[in-house]
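Taking it in order: structure first as C-alpha cells, then the write-up.
None of the values given here were measured: they were computed from a predicted structure. Ligands are counted one by one from 1 in listed order, and the atoms in each one are counted from 1 as well.
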Amino acid sequence: MTTSEKTLLDFAARKVADARHPVSFSGAGLSAESGVATFRDKSEDALWSKFDPTELASQAGFKSNPEMVIDWYNSRRRSVAMAKPNAAHLALASQKHWVHITQNVDQLLEAGGAEPADVLHLHGILSEDHCNANCGHSEHVDISAPTALYSCPNCGAPMRPSVVWFGEALSQDVLQAAVSAIRKADLLLVVGTSAMVRPAAGLIDLARENSADIIVVNTEQSSTLMAQDIELIGNAGVLIPALFKALR
Ligand code: OAD
C-alpha cells in the first residue's frame, strides 16, 4: 500500500469509527472472493456476460421455460451452498449497531455471524421459494439439495425462487426499512456493487442527499462515485477488514 493509499484508508477508517448510524450497502463484489459469481464486471465469469437475464431472471423467461430457469437457480444455489463467508463478510458481520442493506441473495453476511434482523435483502434470498401465482404459500429451500420445478401445494401454480426478477417490484417492507436506515445513516459503506440496478442504487443518492459520508470499496472505479465520496480501490476481502483495523 502506498503512503497516499494508507492516508486515505486512515481517513476513511476515522469516518467509520466516528459514525453513529453506519450502514453498509453491498453487491455481488462482496461475495466474489467467496467464489460467488458477479453479474457485470470485467470478469468473463460475470453472469450477465454468459447468460441472458431476460431468459433467466424475468417472469417472461419463467413462463416460456420454467425448467431451465429453476435448473439455473438450483445450480447457483448449489454453488452458494459450498461458499464460505470471506474476510469482508466476517469484518462487516462482527460490527455491532450496523444495518446491512444487500442486493445479494446468498445470505453470506448471516453465515459470517451478522444478526439476521440487521440484514435487509433488497433482492430476496435463494433459500426460499414462493408460489408464482402469489397465493401466499412459501417454502424453505435446502440450497445444497434443491428440488427441480414443482407445484404449489395450495393452488397448483409453479413454485419459484424468492428473488426479485427484472420488471418486478422489491418487497415494500424491505425497501421501506432500507429507506428508513438510510435516512438515519451518517455513513454509508458501499461495497462491491456496479450500482446500475434501481431502485437499489438510488439508496446511495438518498444517503448523499441526507449528507451521509459515502465510502466506496470496489475493484474498479465506480460510476456511482461523486467528488465528495471516499473511494478505496481493491478487493473487499482486503480493504473492509483493513478499514476496521486501521485505527486500532
Ligand atoms: P455487479 O456484478 O453488477 O457488480 C459487482 C461489482 O463488484 C463490480 O463493480 C465489480 O467491479 C465489483 N467487484 C468484483 N469483485 C470485487 C471484489 N473482490 N471486491 C470489491 N469489489 C468487487 O453486481 P451488483 O451491483 O450486485 O439483481 O448487481 C446488482 C443486481 O444486478 C444484482 O442484485 C442482481 C443483478 O441483476 C437481481 O438479481 C435482481
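For ligand 1, the polar-atom distance check finds an N/O of Ala236 within less than 3.5 Å of one of the ligand's N/O atoms. Geometrically, ligand 1 and Ala28 share a nitrogen or oxygen pair separated by less than 3.5 Å. For ligand 1, one of its N or O atoms has an N or O atom of Thr193 under 3.5 Å away. Residue Phe39 places at least one N or O, backbone or side chain, under 3.5 Å from an N or O of ligand 1.
Counting heavy atoms of neighbouring residues, nucleotides and ligands inside a 6.0 Å radius, atom CD of Gln228 exceeds 12 of them. Phe166 CZ: more than 12 foreign heavy atoms inside a 6.0 Å radius.
Between the side chain of Ser75 and the backbone N or O of Trp72, at least one donor-acceptor pair lies under 3.5 Å. A donor-acceptor contact shorter than 3.5 Å is absent between the side chain of Glu128 and the backbone of Ser162.
Given atom 14 (C) of ligand 1, the protein heavy atom at minimum distance is Asp41 OD2, 3.4 Å. Nearest protein heavy-atom contact of atom 17 (C) of ligand 1 is Gly29 O, 3.4 Å. The protein heavy atom nearest to atom 28 (O) of ligand 1 is Arg40 NH1, 3.2 Å. At the top of the distance list for atom 3 (O) of ligand 1, counting protein heavy atoms only, stands Ser194 OG, 2.5 Å. For atom 18 (N) of ligand 1, the closest non-hydrogen atom of the protein is Glu33 OE2, 2.8 Å. When only non-hydrogen protein atoms are considered, atom 13 (N) of ligand 1 lies nearest to Thr219 OG1, 3.3 Å.
In this structure, Val163 falls outside the shell of residues with a heavy atom less than 4.0 angstrom from ligand 1. In this structure, Met196 does not count as a contact residue of ligand 1, since none of its heavy atoms falls inside 4.0 Å of the ligand. No heavy atom of Ala88 sits closer than 4.0 Å to any atom of ligand 1.
With Leu120 as the fixed residue, the side chain to side chain contact (heavy atoms under 4.5 Å, CB included) test singles out one of Val23, Leu175, Val174: Val174. Looking at Asp129, Asp106, Asp142 one by one, the single match for salt bridge (charged side-chain N to carboxylate O under 4.0 Å, His left out) with Arg77 turns out to be Asp129. Applying the side chain to side chain contact (heavy atoms under 4.5 Å, CB included) test between Ile215 and each of Val190, Leu9, Val16 identifies Val16 as the sole match.
Contact record, His89 with Ser34: CE1-OG, 3.5 Å, taken as the closest heavy-atom pair.
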With side-chain hydrogen bond (donor to acceptor under 3.5 Å, both in side chains) as the test, would you mind laying out the steps for His137 and Glu139 before giving the verdict?
-> CA-CA 7 Å; His137 183 73; Glu139 291 194 16; 2.8 Å; yes

Does the side chain to side chain contact (heavy atoms under 4.5 Å, CB included) test come out yes or no for Asn104 and Val36, once each step is laid out?
-> CA-CA 10 Å; Asn104 297 345; Val36 181; over 6 Å; no

Step by step, work out the salt bridge (charged side-chain N to carboxylate O under 4.0 Å, His left out) result for Lys6 and Asp10.
-> CA-CA 6 Å; Lys6 173 81 176 100; Asp10 285 348; 2.9 Å; yes

Given the rule in the side chain to side chain contact (heavy atoms under 4.5 Å, CB included) test, do Trp48 and Thr38 qualify, once you have shown the distances and angles that lead to the verdict?
-> CA-CA 8 Å; Trp48 295 155; Thr38 58; over 6 Å; no

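Considering Asn218, Val164, Leu56 only, the shortest heavy-atom separation from atom 12 (C) of ligand 1 involves Asn218.
Both the backbone and the side chain of Thr38 come within 4.0 Å of ligand 1, counting heavy atoms alone. When heavy-atom distances to ligand 1 are checked against a 4.0 Å cut-off, Gln103 comes that close through both its backbone and its side chain. Proximity of His123 to ligand 1, defined as any heavy-atom pair under 4.0 Å, is confined to the side chain (atoms from C-beta onward). Of all the heavy atoms of Trp165, none lies under 4.0 Å from any atom of ligand 1, so neither backbone nor side chain is involved. Contact annotation: for Ala32 versus ligand 1, heavy atoms closer than 4.0 Å belong to the side chain alone.
Each of the atoms 11 (O) of ligand 1 lies under 4.0 Å from some heavy atom of Glu220. The ligand atoms of ligand 1 that sit less than 4.0 angstrom from a heavy atom of Gly192 are 5 (C), 6 (C), 7 (O), 21 (N). For ligand 1, the atoms lying closer than 4.0 Å to a non-hydrogen atom of Val197 are 29 (C), 30 (C), 31 (O). Remark: ligand 1 atoms within the under-4.0 Å shell around heavy atoms of Gly234 are 19 (N), 20 (C). Counting atoms of ligand 1 from 1 in the listed order, those under 4.0 Å from a heavy atom of Gly27 are 26 (O). Ligand 1 places these atoms under 4.0 Å from at least one heavy atom of Phe166: 36 (O).
Using a 4.5 Å heavy-atom cutoff, the side chains of His121 and Thr102 are in contact. For the pair Val99/Lys184, no side-chain contact is recorded, criterion being any heavy-atom separation below 4.5 Å from C-beta on.
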